[in-house]
Amino acid sequence: MDLFDKCSAFTLADEVKAKGVYPYFRPIQANEGPVVRMEGRDVIMAGSNNYLGLTAHPKVKEAAQKAVEKYGTGCSGSRYLTGTLDLHVELEARLAKFIGSEDCLLYSTGYQTAQGIIPTLVQRGDYVVSDKDNHACIVAGNMMAVGMTADMVRYKHNDMKHLEAVVSKLPLDAAKLIVSDGVFSTSGEIVDLPELARVAKKYNARILVDDAHATGVIGKGGRGTASHFNLEKEVDLTMGTFSKTFASLGGFVCGKRSVINYLKHHAPALIFSASPTPASVAAALAALNILEAEPERIARLHNNAMKMREGFRSMGFRIIDGHESAIVPVIIGDTDKTLIFWRELYDAGVFVNAFVRPGVPPGMEMLRTSYMATHEDKHLDKILEIFEVIAKKLGVIN
Ligand SMILES: Cc1ncc(COP(=O)(O)O)c(C=O)c1O
């Protein structure tokens, strides 16, 4: 048996490619936000996490360009050693203020943030308690914690009765961290934070919320899940990413000064990885400025997502209702049909994300659509029109 046998035996992607319905790794040749160029033609983008449409904003681009001029293209070191710029410190202070926490720490990606926080805090004798549908970076962090002999328990997705059943069995005096996506990345559902916080308080657990899809989308002025529920004081740690609303790349965690200071000096994902590039940090700062100055962008995003929810529902599609989130999954319920639907949409000029097994449970194969503040009615109407034609042809709706 050779280590690489499994690689040569892996033929599924090639089989799907041969059928012409492979939706992944499709190169984008130019990107204006709602419309992108792919294979030499314009395609409406309805699968991006560029929620406020800021990747193409002149001020965001200019900030990135100026940062390259001033600091160069990379930091060539970790935050711990030679990789801290005044820009990193400024963005941390601004985010702490924005989220309403004592302090903040940047990581190089959102993935690294969760993977960095969880095993650093949850150690031998401690418990991490995790929603079954949490993002892969939380799962990675949990597995690392388990590898370091912490314990992990999972509860049914967003099921707070099950959370309580699980947590109540753990020793009351053991240290515990309950972790959940704020807005779940696949379904767009918002966590039942009031109940989660009640359980956490009752059983002496700390809370980490991953607001990757919530910052800039829900809560007062886009301040995320805790703000959405007026539970800012109950959430101990809020993490996020710059790869969505913030139109950049990087991650952050906000919390109490002592906790951030501990992470700063103990998290291998921070200490042994180069810091976010000057352009990434400057772009995220510029995006934060726009988010604070132009809250009407969030209202537009909500209107757009709501219009699409209503549009899909009225045509008879099965969707998952994420309420104020920007994610609208359309359930197709079959792998082949989802991939064929995806291809027909792409050919007709609309790009969405096809989620099939094992990424989703059987029967939940879906076209995950997501929206931007910069989508105009003409884009959204076109998406609905094209969905309807294809769905009727494929027998997804009548
Ligand atoms: C819930 C959630 N957390 C974290 C991440 C990772 O963020 P990043 O792209 O910055 O690594 C994502 C990205 O898909 C996400 O959806």
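Counting starts at 1 for both ligands and their atoms, following the listed order.
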Does the cation-pi check pass for Lys17 over Tyr22, that is, NZ or CZ under 6.0 Å from the six-membered ring centre and within 45° of its axis? yes
So is Cys137 in contact with ligand 1, going by heavy-atom distances below 4.0 Å? yes
Decide whether Ile390 and Val396 are clustered together by the hydrophobic rule: side chain heavy atoms of Ile, Leu, Val, Met, Phe, Trp, Tyr closer than 4.5 Å, transitively. yes
Just distances here: any N/O of His213 and N/O of ligand 1 closer than 3.5 Å? yes
Which residue owns the protein heavy atom closest to atom 9 (O) of ligand 1, what's the atom, and how far is it? Ser243 OG, 2.9 Å
Taking distance alone, with N or O pairs closer than 3.5 Å, would you say Gly110 contacts ligand 1? yes
Once you restrict to heavy atoms under 4.0 Å, what part of Asp210 touches ligand 1? Side chain, backbone, both or neither. side chain
From Ala212, Ser248, Gly251 - option closest to atom 2 (C) of ligand 1 by heavy atom: Ala212
Quick check on contacts: which atoms of ligand 1 are under 4.0 angstrom from a heavy atom of Thr241? 7 (O), 8 (P), 10 (O)
Looking at atom 5 (C) of ligand 1, what's its closest protein heavy atom, distance included? His135 CE1, 3.5 Å
How many angstroms lie between atom CG of Leu249 and atom CZ of Phe242, to the nearest 0.5 angstrom? 9.5 Å
How far is atom 6 (C) of ligand 1 from its nearest protein heavy atom, and which residue and atom is that? Tyr111 N, 3.4 Å
Can you confirm whether or not the ring centre of Phe341 sits under 6.0 Å from the ring centre of Phe387? yes
Going by the order shown, which atoms of ligand 1 are within less than 4.0 Å of some heavy atom of Gly250? 10 (O)
Does one side chain, of His157 or Asp131, offer a donor that lies under 3.5 Å from an acceptor on the other? yes
Output for pair (Arg206 CZ, Asp236 CG), nearest 0.5 Å, gives 4.5 Å
Is the closest heavy atom of Ala114 to ligand 1 under 4.0 Å? no
Within this structure, what is the NE2-CD1 distance for the pair His323 and Ile218, rounded to the nearest 0.5 Å? 11.0 Å
So, does Lys244 sit close enough to ligand 1 that a heavy atom of it is under 4.0 Å from the ligand? yes
In terms of relative ring orientation, are Tyr346 and Trp342 parallel, tilted or perpendicular, with 30° and 60° separating the classes? parallel
